[in-house]
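This report concerns only the one structure given below.
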Amino acid sequence: MQPFTAQVVEVIKAIPAGKVMTYGQVAAAAGSSRAARRVVWVLHSLSEAHGLPWHRVVNAKGEIALPGDEARFTQRALLEEEGVLFDGDYRVDLVQCRWDGGDREKDG
DNA sequence: AAGATGACTAGGT
DNA sequence: GACCTAGCCATCT
């Protein structure tokens, strides 16, 4: 297990219910802001790992990136169960549901 | 080594 | 906003 992979897992596990992170954010939190594609690979590698809130990871537009209607339906259902707001059939409201790894305020 | 793939992202038109 | 292009990096063949 590469350190990056372990970090990705930790980061995703740290996302609270009702919040989501983008691939780029997860990658950055794991140590590489360019590693969005690696995050993708990690998710594939962990696709058999149960207990990991993989559904809290979306693309930069807040859209569910999974291919296929069935998978998307599953992810959306999980997010809705957690209270994630949707701005479209398969698009999350990043303005309110994006999690940057801290609850620190930014308005200044 | 080289080519293809992937649940991506940023910039230009 | 939709479409295309360039960049990114590990993995598989």
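Order of the sequence lines fixes the chain letters, A, B, ..., with proteins taken first and strands second; residue numbering starts at 1 for each chain.
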Pairing residues for A/Arg72 by the side-chain hydrogen bond (donor to acceptor under 3.5 Å, both in side chains) criterion, not counting sequence neighbours: A/Asp69

A/Arg76: side-chain hydrogen bond (donor to acceptor under 3.5 Å, both in side chains) partners, not counting sequence neighbours: none

A/His44 side-chain N/O to C/dT11 phosphate OP1/OP2 under 4.0 Å: no

Hey, can you pull the donor-acceptor pairs under 3.5 Å for the side chains in residues 51-58 of chain A, sequence neighbours left out?
{"unit_1": "A/His55", "atom_1": "NE2", "unit_2": "A/Glu82", "atom_2": "OE2", "d": "3.0"}
{"unit_1": "A/Arg56", "atom_1": "NE", "unit_2": "A/Glu82", "atom_2": "OE1", "d": "2.9"}
{"unit_1": "A/Arg56", "atom_1": "NE", "unit_2": "A/Glu82", "atom_2": "OE2", "d": "3.2"}
{"unit_1": "A/Arg56", "atom_1": "NH1", "unit_2": "A/Ile15", "atom_2": "O", "d": "2.4"}
{"unit_1": "A/Arg56", "atom_1": "NH2", "unit_2": "A/Glu82", "atom_2": "OE2", "d": "2.7"}

Nearest whole angstrom, please: distance from the [atom2] of [N] to the [atom1] of [X].
X: A/Phe73; N: B/dA7; atom1: CZ; atom2: P; value: 21 Å
X: A/Arg38; N: B/dA7; atom1: CZ; atom2: P; value: 17 Å
X: A/Gln25; N: B/dT9; atom1: CD; atom2: C1'; value: 12 Å
X: A/Phe4; N: B/dC8; atom1: CZ; atom2: P; value: 14 Å
X: A/Leu46; N: C/dT11; atom1: CG; atom2: P; value: 12 Å
X: A/Ile12; N: B/dA7; atom1: CD1; atom2: P; value: 14 Å
X: A/Ile64; N: B/dA7; atom1: CD1; atom2: C1'; value: 11 Å

Sugar-phosphate, base or nothing in reach of A/Thr22, heavy atoms under 4.0 Å: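 Answer is sugar-phosphate: A/Thr22 comes under 4.0 Å of backbone atoms only.
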
Touch class at under 4.0 angstrom, heavy-atom based, for A/Ala35 against every strand present: nothing

Identify all side-chain donor-acceptor contacts of residues 29-37 of chain A below 3.5 Å with residues at least two apart in sequence or on another chain.
{"unit_1": "A/Ser32", "atom_1": "OG", "unit_2": "A/Arg38", "atom_2": "NH2", "d": "3.0"}

DNA chain B contacts made by residues 79-94 of chain A, counting heavy atoms under 4.0 Å: none

Gap in Å between the two P atoms, one belonging to C/dG7 and one to B/dA7, rounded: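 Between the two P atoms, the distance is 23 Å.
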
Given C/dC8, B/dA7, B/dT9, the nucleotide with the shortest approach to the side chain of A/Arg34: C/dC8

Co-membership, hydrophobic cluster, residues A/Leu66 and A/Val39, 4.5 Å side-chain: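 No, separate clusters.
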
Interatomic distance, A/Asp100 atom CG to A/Lys19 atom NZ [nearest 0.5 angstrom]: 9.0 Å

Which pairs would a plain distance check flag for residues 88-98 of chain A, meaning a side-chain donor or acceptor within less than 3.5 Å of a matching protein atom at least two apart in sequence or in another chain?
{"unit_1": "A/Asp93", "atom_1": "OD1", "unit_2": "A/Val95", "atom_2": "N", "d": "3.1"}
{"unit_1": "A/Asp93", "atom_1": "OD2", "unit_2": "A/Gln96", "atom_2": "NE2", "d": "3.2"}

Residue met sooner reading DNA chain C from 5', once A/Trp41 and A/Arg37 are mapped to nucleotides: A/Arg37

Which residue lies more 5' along DNA chain C, comparing A/Ser32 with A/Lys61 via nearest heavy atoms: A/Lys61

